[in-house]
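A short write-up of the structure that comes next.
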Amino acid sequence: MFKVLIYSSCLFLLLACYRPLETETPILGEQEIIPFLVDLHLAEAKLAEYNSLTILAKDSLAAEQYATLFQIHQIAPTDFQQSMQAYMGNPEALQQLYEKVVEALLAHELKHSERTKKGKKRSATEAIKRIEQVRDSSKKEN
């Protein structure tokens, strides 16, 4: 009887202490945070290209870029931090958020690669025109 009383008391204590975790609502909505995260990842990728910089110089450059991004997007660092903490507390929302970020990054990469291809075609055409101009001018001189 005594064991039943102890077990039931422990069970009641555990049930009395239970409360569901509250999910925090992010300050920044998806429309605000997705473009910021895309730019943040692009800035990180650009920083990764600077292999010749010292760690201190990279950190300094990163701090400047982050400050610029916060200014451009008009987001307070504390709001961003709170929002990311809220998204991390809800894994499904975080996954949906990052799926959209990845989609935006892929679209950016596609646009950039198309622009580069057009630039290469244009520069090749311009190079051919220059060669022809040089040939024409050399023929005129002879």
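Between Ile33 atom CD1 and Ile75 atom CD1 the span is 6.5 Å, to the nearest 0.5 Å. In this structure, CD on Gln95 lies 14.0 Å from OH on Tyr87, to the nearest 0.5 angstrom. In this structure, CE in Met84 is found 13.0 Å from CD1 in Ile27, a value given to the nearest 0.5 Å. Within the model, atoms CG of Leu42 and CG of Leu105 stand 5.5 Å from one another, a figure rounded to the nearest 0.5 Å. Atom CZ of Phe80 is separated from atom CG of Leu69 by 9.5 Å, given to the nearest 0.5 angstrom. One finds the CD1 atom of Ile34 at 5.0 Å from the CG atom of Leu97 (value rounded to the nearest 0.5 Å).
Under a hydrophobic clustering in which Ile, Leu, Val, Met, Phe, Trp and Tyr are joined whenever their side-chain heavy atoms come within less than 4.5 Å, directly or via other members, Ile72 and Val38 fall into different clusters. Under a hydrophobic clustering in which Ile, Leu, Val, Met, Phe, Trp and Tyr are joined whenever their side-chain heavy atoms come within less than 4.5 Å, directly or via other members, Phe36 and Met88 fall into the same cluster.
Within the structure, side chain to side chain donor-acceptor pair (under 3.5 Å) pairs that include any residue of residues 72-84 comprise Glu24-Gln82, Asp39-His73 (at least two apart or interchain). Listed by first then second residue, pairs satisfying side chain to side chain donor-acceptor pair (under 3.5 Å) with a partner in residues 28-37 read Glu30-Lys100, not counting sequence neighbours.
Scanning for salt bridge (charged side-chain N to carboxylate O under 4.0 Å, His left out) contacts around Lys58 gives an empty result, with sequence neighbours left out. For Tyr50, the ring-ring contact (aromatic ring centres under 6.0 Å, His included) criterion is met by no residue, not counting sequence neighbours. Here Glu92 pairs with nothing under the salt bridge (charged side-chain N to carboxylate O under 4.0 Å, His left out) rule; sequence neighbours left out. Residues passing the side-chain contact (heavy atoms from CB on, under 4.5 Å) test with Leu106, sequence neighbours excluded: Val102, Glu109.
Considering only heavy atoms from C-beta on, Leu37 comes within 4.5 Å of Leu40 through its side chain.
The environment of Leu110 atom CG is dense: over 12 non-hydrogen atoms of other residues, nucleotides or ligands sit within 6.0 angstrom.
Minimum heavy-atom separation, Ala86 to Thr25: CB-C, 4.1 Å.
Checked against a 6.0 Å centroid threshold, the rings of His41 and Tyr98 count as neighbours.
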